[in-house]
Every structure is written in C-alpha cells, then in structure tokens.
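Here's the structure we're looking at; comments come further down.
First the proteins, then the strands, lettered A, B, ... as listed; each starts at 1.
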Amino acid sequence: MNEVRPELDELLFSSLENVLVESVEATDMTVRIEALSTARQATCPGCGYLSGRIHGSYLRFPHDLPTTGRSVVVALRVRRFVCAEGSCSRKTFAEQVPGLTRRFGRRTERLRSTLISIGLALAGRAGARMTDVFGAPVSRNTLLRLIASLPDPPITAPRVVGVDEYAQRKGRIYGTVLVDVETRRPIDLLPDREADTLAAWLAERPGIEIVCRDRAPFFAEGATRGAPQAIQIADRWHLWHNLGEAAEKCVHRHRGCLRPAPAPPDEPPEEAEPAASSPWPTGHRFAERTRAKHATIHALLKAGHSKRSVARQLGMTLNTVLRFSRAATPEELFTGQWQSRATKLDAYKPYLDLRWQEGCTNAWKLWEEIREQGYPDGYGNVRNYVSRTLRGKPQPVGPRPPSARAVTRWLLTHPDALVESHRIQLKAVLANCPELDVLAKHVRTFAHMVTDLQGDQLPEWIESARAATGLPSLNRFAHHLERDLDAVVAGLSQPWNSGVVEGHVNRIKMLKRQMFGRAGFELLRKRVLLA
DNA sequence: CACATTGCGTGCGGAATAAA
DNA sequence: TTTATTCCGCACGCAATGTG
C-alpha cells in the first residue's frame, strides 16, 4: 500500500504538489479520497505573510470530478496556521491547497471549472440536467451564479469593429453586438441600441479605424459621434440583404408576369385535344351526362331496338331519343338555351382564372376579392364557377408559375450556380417582362460591385436604379443608399465582410434560447463572450 | 427569497515537547 | 520539577455557498 500511494497522488492530483493521498474507498454511489495537505507554510489571506506555525487542523470535504458516474468526495485534512504578523488583524487562518481548494469552496477547482463550462455551454436548466447525467448534480441557480462570478472578460481594442443589433425580446428589447471583424470574435454586448451607448463605447477605444455597420440611423449616428476618426462601412451583407428585399417586392409587384408566355409547352395539348373547340370541356357534369346518354341510345339503336322502345326503356320522351339519334356526336347537343349567355361573372373570369393558376383555390376568398372589385352578386355563382369550371380543369394548364420568392432567389443567385431548369425559367420570365429584366440587370451589376469591390461604380448604379420605371422598391432602395453614400461606397470598396457579425447575431439567438428566463443581460453577455 | 449546509475564525484546554 | 511553547481537537458563532 505504501508503494501505491505516490502513484495515487500522481493519478488523482497529478498537477498538484503538496497533496498526499492516504486511501481511496469506493461504494456503489460515491468515492471517498482521504488526503492531506503537506505544505510547510501557508499564506495569510489577511496580510499576505507566510506562516509555518500550525494552530490546528480539520477535515473539509470538497466534491471532486465524478468518476464512472460516481460522485467523488475528498476528505481533505487542512491545517490552520497562526498569523505571526503583529499588524495583521487576524489571529489564525486556514490554508488553501492551490489548484484544489479556495476559501469557502465546497468543490475542487477542477469540478468548479467543469461546471462553469457546462454553464457556459448550456446555461441554467439544461446545464443542471446535464450535471445530473454527469454525476455532479447542481441546481440551475448554482450554474448561473458560477457564471456570474466569472471575472469580466477583458475587452480588447479592435481595429475593425462590426456593429449589429440583436433581439433580446423580439420586437421589444434590442441590444447591440460588437464584433472584432479581424479575429471574428464577439467583443462586447450592449444592453440597448441607442446611438449614445454606442458612441460612448467607441469613444473609449480610440484605436478603431473601421466601423462595419448596417444602415440603421442610430448606428450611423453613434459611430459618427463616438469614432469620428473611423471610416464607416455599410456592410455588404446588409446591403445585399436589403437589395434582396427590394428585389422581392419588385418581383411580387410583377407576379402577373411570372406565368411563362404560352409558347411551346401550351401548343401540344391544344393539338392533342380537339375537344377544346367544344364549349363544354371534358369533366363537366352536364357534358358527361350527355355523352353517356348519347352512347347508350346509339348502342341500343344499333342493337336493333326501335326508337319508341329505347324511349320506354330509358324513361324518355320520343322527341328526346330522336334528338340524340340525329346527332352523330354528343358535342352537337351542347347547345342549351343557357349556352354562351353572358353572365355578370364573365368580366371577372380572367381574374379568377389567373388567381386559380396562382394557386388560390379558396372560392370564398376569390369571391371576396372580386366583390372588392365590384362584382355585385353573392357567393353561389362564384362557387359554381370554381367547382365546375376551374376545379374540373386539371389545375395547372402548363407548369405552375414560379413563386415571387423563387424568382427572387434565382435573380440573386449567380447565373453559373443556377440549376439548368431554373435558369431557363428565369430567362422566360425576363423575356416576358421588361421591368423585371431591368431589375435583373441591376441585381447583377450590384452583385458585381459587391464581389469585386467596385464601390466607385455606385453613384452611376444609383442613378440608373432610381430612374428604372415600374420598380418603385428598387427606386426606394437606391434612394436610401444615396443618403448614406459614403458608407456604402466604403462598404463596397473594402474587403471587410461582415457575414461574421451576422453569424454572431444568430449565435446569440441560440444562446438566448437556452438562457434561464430571468438570468438577464449580464449573464447573456458573459456567455456570448466566454462560451 | 428563505432556508440549509458547511467552511472559517477564534478561543479553550489538554497533550506533547523543549527549555530553564 | 516548573514553565513556556507548540500541537491538536473541539465547540461556537458568523458568513459564504448551495438549494428549491
């Protein structure tokens, strides 16, 4: 046993000197390590002087890292020293084993730091559940308190700083994240998004040369006041994002142009379906009934039955049978008195067809829409039209038109990265609508500016975009850029990419989701900066 | 926040040890 | 032997830590 001891010290407290392990005993649930401190002297926490005069000793029981799911307790004999320093206010003090214990600590330092890591990664409740599994169960409060006790992370003075907002409570409470764009690390979190707060923060760090921000006015103002020496950059991520939003609005406005022009795909079905000339398309109930009757009557006549007998068998008037027998095809009979009579709905049918193609199959909603446009009658006829005519038609005559969002995505994707079929569809849409084609050209030149750092071309781009007719959202976007021209030109000319900043905003969103409800801003801040 | 647990500071007194 | 000093265990109250 005596030869084992030094090895146990090595194994259990390898990095610690002055700890001697006496014995280890394990039960089902716990492991108990008997150990004692062997240092000759200890430092008085009151005056800082070393003392070797032992006053007494006692056992303390710090919890240690669990092994194999069993909790570990060290039964550690520590000594109390007499402080010989006359000027010191205290008479005795308890020794601490550096790296193992701290004053008042109920856990070893390594268990403590492990719990802190769990807290930083998972925060309160989730972390507490983790510690159960881990074998050192603690409450969520303890984890949060451990995080709170962490020293404030040192805030470095960055050269290129990224600024963005994040939501603590979406729509209500917003804060500001600051990122060192060069090291890609978050440097600080501010509890609000006021220009004053940002200005004060920046003013304390005169070394800042470049501020990457979005075009929110409070950040522009804060940066101007707090870091007048710095170049402001409207970051490219946001520029591109905002362009995307403007583009989607434009496309949505022109959503009527998205249906591909009735070119090649529409012709073959027309040829393949000569019945298209018939006023009653297949699928219509009346037409089906007439076709069925026509077939039955002609079959019976061909089988040798007399017209009178057929009429008796089918419960029809002789006249009816005569009418059917004279018609060679059922289509000849599609000439009822209601046929091709004008209805009040006629004026709205093209609109209804369009909406149906767009995917709106809710008759009530369609009725509400055309009622807005002046349709005087009730819901009934609209329902009939939808259920008989539109629903009877196999809905997509030709491919469904792409959604505004899809077209926007194609517009914003580099042409080379676009799938073949999307490229063809996009080409068709642009050929169909000159305004969208203009939009596409602007998006492409903007993309070129963004990727090739061609900020000097911006004024020209803005002028052209503002003049583009039929694209008010693009005009507005260009107008906004013009108002922040210097920063945007800088953003398009500098290599700083602030996708980094956006990444951190997303990470905060995730951390926040794991954050114990009342833990508050300070804890969130520590987790963002330390985790 | 209220409450429980446990480390800490302190003094007391007996035992051990050293010096007179 | 007496006396001084140190060691050591104990009890008590305070305060830091931990829990729900």
- Query: Has A/Q96 got a side-chain N or O lying under 4.0 Å from the OP1 or OP2 atom of B/dC8?
  - Reply: yes
- Note on the structure: Counted 5' to 3', the first and last nucleotides of DNA chain C within 4.0 Å (strictly under) of a heavy-atom of chain A are C/dT6 to C/dG20
- Note on the structure: Note: A/V160 and A/C212 closest approach over all heavy atoms is CG1-SG, 4.1 Å
- Message: Using the salt bridge (Lys or Arg N to Asp or Glu O under 4.0 Å) criterion, which residues pair with A/R253? Sequence neighbours excluded.
- Response: none
- Item | Set of residues satisfying salt bridge (Lys or Arg N to Asp or Glu O under 4.0 Å) with respect to A/R60, sequence neighbours excluded | none
- Note on the structure: Numerically ordered, the residues 53-61 of chain A set in heavy-atom contact under 4.0 Å with DNA chain C is A/R53, A/I54, A/H55, A/G56, A/S57
- Message: Nearest whole Å is fine: how far is B/dT6 P from A/R107 CZ?
- Response: 11 Å
- Message: At 4.0 Å (heavy atoms only), tell me whether A/R112 reaches a base, stays on the sugar-phosphate, or touches nothing.
- Response: nothing
- Message: So, using ring-ring contact (aromatic ring centres under 6.0 Å, His included) as the criterion, who are the partners of A/H241 when residues are at least two apart?
- Response: A/W237
- Indicate the ring-plane relationship of A/W461 and A/F477, choosing parallel, tilted or perpendicular according to the 30° and 60° boundaries. perpendicular
- Looking at residues at least two apart in the chain, or sitting in another chain, which of them share a side-chain contact (heavy atoms from CB on, under 4.5 Å) with A/T413? A/R409, A/A417, A/L418
All N/O contacts under 3.5 Å from nucleotides 1-5 of chain B to the protein, with atom names and distances to one decimal?
| unit_1 | atom_1 | unit_2 | atom_2 | d |
| --- | --- | --- | --- | --- |
| B/dT5 | O2 | A/R106 | NH1 | 2.9 |

- Message: Going by salt bridge (Lys or Arg N to Asp or Glu O under 4.0 Å), name the residues that satisfy it together with A/R371, two or more places apart in sequence or in a different chain.
- Response: none
- Message: Strictly by ring pair (Phe, Tyr, Trp, His ring centres under 6.0 Å), give each pair with a member in residues 64-84 of chain A just once, sequence neighbours left out.
- Response: A/F81-A/F93
- Message: Please enumerate all residues that pass salt bridge (Lys or Arg N to Asp or Glu O under 4.0 Å) together with A/E194, with sequence neighbours excluded.
- Response: none
- Could you check whether A/E95 gets within reach of a base, just the sugar-phosphate, or nothing at all, counting any heavy atom under 4.0 Å? nothing
- Please state whether the base of B/dG7 and the side chain of A/R103 form at least one donor-acceptor pair under 3.5 Å? no
- Counterpart residues, ring-ring contact (aromatic ring centres under 6.0 Å, His included), relative to A/F218 (two or more places apart): none
- Item | For atom CZ of A/R80 and atom C1' of B/dC12, their distance in whole Å | 13 Å
- With sequence neighbours excluded, tell me which residues meet side-chain contact (heavy atoms from CB on, under 4.5 Å) with A/L412. A/W240, A/T408, A/V443
